[in-house]
J.: 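Supplied in structure tokens, the structure appears directly below.
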Amino acid sequence: MRLIVAKDYTHLSRIAADKVENQVLLKPDSRIGTVTGASPAGMYLELVRRCQEEGLDFSEVSTVNTDEYAGLSGDHPQSYRYYLDHHFLEPCRIRRERTEVPRGDAKDLEEECRRYETFYRKNPVDLQILGIGHSGHIGFNEPEHYFPEETHMVSLAPETIAANAEYFDDPEQMPAKALTVGIGTLMQAKSILLLVSGKSKAEIVYRFLCGNITPEVPATVLRLHQNVTAVLDEDALSVVRQRAPERLRQLLG
Ligand code: PGA
């Protein structure tokens with residue numbers, strides 16, 4: 001794993017946008033695995049700016065999103081399809097037919113999980129963007145006793161519900177279940193860009209970087225992937241810096 005330390009969130013977002021831009025310059029028809037949430041928001045903003053002001057060209061790019069709330073249709077303002085359409089895909093003129101998000105309003109959600117898994121396996125991801133949840137989740141793979149391999153339905157962890165409910169006008173409306181690609185699916189990506197920012201993530205970052213590799217902290221599995229770039233800001237690294245300076249020096253090479 002390559003670790004990059006950003007001084008703050010703005011810096012992290014710029015580094016992340018550089019990585020995506022380089023990927024697209026090297027391989028214009030890249031497939032990018034997307035996520036939503038606070039971690040990549042600044043990166044999307046910067047990518048949209050580069051598309052609109054600097055001519056960054058996403059016309060051959062395709063995307064596939066890791067997760068979606070169960071029960072929300074793509075026109076629900078809190079759905080991940082809606083977020084991506086408005087904050088990344090449409091402003092960067094990525095054609096709709098080149099984009100995939102699980103259908104949260106599918107009649108048969110188990111069947112939708114199977115469809116999505118087949119799609120992901122047939123269409124390899126060149127660059128998978130990820131964040132880490134407060135629970136240690138990646139995608140919506142919450143702490144478990146095993147690493148779930150394939151796309152599946154999950155019950156969201158209390159920390160995840162607490163963190164995400166604030167995006168809903170009525171927090172009670174936040175779905176407690178979601179569809180997510182599995183850990184096995186995510187680990188197939190050719191490269192992974194992990195973004196972590198803020199003091200509220202510092203404790204889970206410590207467990208991610210310094211603890212055992214365990215499904216109880218799903219993100220730890222990323223330490224086994226061959227091509228991960230993790231961009232963390234100083235706030236996110238603060239507990240590691242304090243409790244395990246030696247480990248940090250080792251990680252930074
Ligand atoms: P966040 O979520 O970026 O909103 O902190 C991260 C995640 O849930 O993976």
Side-chain angles (χ1 to χ4, degrees), residues 1-23 26 32-35 37-43 46 66 124-149 157 159-160 163 181-253:
M1 182 167 58
R2 185 161 169 248
L3 195 65
I4 299 178
V5 183
K7 64 177 190 301
D8 55 23
Y9 181 66
T10 308
H11 188 205
L12 171 145
S13 300
R14 240 186 5 248
I15 296 169
D18 288 347
K19 294 270 161 211
V20 175
E21 176 167 356
N22 287 345
Q23 173 69 41
L26 283 172
I32 298 177
T34 54
V35 284
S39 309
M43 176 196 74
E46 175 62 9
T66 56
V125 167
D126 295 293
L127 177 65
Q128 176 69 54
I129 297 155
L130 285 176
I132 297 184
H134 293 91
S135 62
H137 73 204
I138 46 175
F140 267 147
N141 291 278
E142 298 288 13
E144 270 292 357
H145 300 299
Y146 61 99
F147 290 113
E149 276 184 47
E159 300 97 305
T160 305
V181 300
I183 298 279
T185 333
L186 288 173
M187 292 291 276
Q188 305 278 323
K190 291 181 195 153
S191 62
I192 294 178
L193 174 61
L194 177 71
L195 309 177
V196 198
S197 168
K199 278 221 156 36
S200 72
K201 298 279 175 70
E203 193 64 44
I204 198 68
V205 164
Y206 174 73
R207 295 180 69 195
F208 163 55
L209 291 177
C210 305
N212 292 333
I213 294 172
T214 166
E216 285 164 20
V217 183
T220 55
V221 77
L222 297 177
R223 285 162 39 198
L224 300 175
H225 192 282
Q226 305 240 352
N227 190 356
V228 175
T229 303
V231 189
L232 295 95
D233 67 12
E234 284 291 356
D235 279 348
L237 272 173
S238 53
V239 171
V240 177
R241 219 180 252 298
Q242 188 195 345
R243 282 190 215 149
E246 207 36 62
R247 169 77 173 144
L248 185 58
R249 258 194 296 282
Q250 178 202 350
L251 283 164
L252 289 170

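Residue indices begin at 1 and follow the sequence shown.
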J.: Calculate, to the nearest 0.5 Å, the distance between atoms CD1 and CZ belonging to I213 and F208 respectively.
T.: 9.5 Å
J.: Side chain to side chain donor-acceptor pair (under 3.5 Å): which pairs involve residues 201-210, sequence neighbours left out?
T.: E203-R243
J.: Given 3.5 Å as the limit, does a donor-acceptor pair link the side chain of H225 with the main chain of L186, or not?
T.: no
J.: Look at the side chain of N141 and the backbone N and O of V181, then say whether any donor-acceptor pair between them is shorter than 3.5 Å.
T.: yes
J.: Which value, rounded to the nearest 0.5 Å, describes the distance between I132 atom CD1 and H137 atom NE2?
T.: 9.0 Å
J.: Shortest non-hydrogen contact from D233 to G198?
T.: OD1-N, 3.1 Å
J.: Given L12, which of V5, D235, L195, V196 fulfils the side-chain contact (heavy atoms from CB on, under 4.5 Å) condition?
T.: L195
J.: Of L222, T66, T185, N227, which is the lone residue that meets side-chain contact (heavy atoms from CB on, under 4.5 Å) with Q128?
T.: T66
J.: Any side-chain heavy atom of L237 sitting closer than 4.5 Å to one from L209?
T.: yes
J.: To the nearest 0.5 Å, how far apart are CG in L194 and CD1 in I138?
T.: 8.0 Å
J.: Would a distance-only check, ignoring hydrogens and angles, find a side-chain to backbone donor-acceptor pair under 3.5 Å from E159 to S135?
T.: no
J.: Just wondering, are more than 12 heavy atoms of other shown residues or ligands nearer than 6.0 Å to CZ in R2?
T.: no
J.: Are any non-hydrogen side-chain atoms of V20 and I129 less than 4.5 angstrom apart?
T.: yes
J.: How long is the gap from CG on D18 to CD on E46, to the nearest 0.5 Å?
T.: 7.5 Å
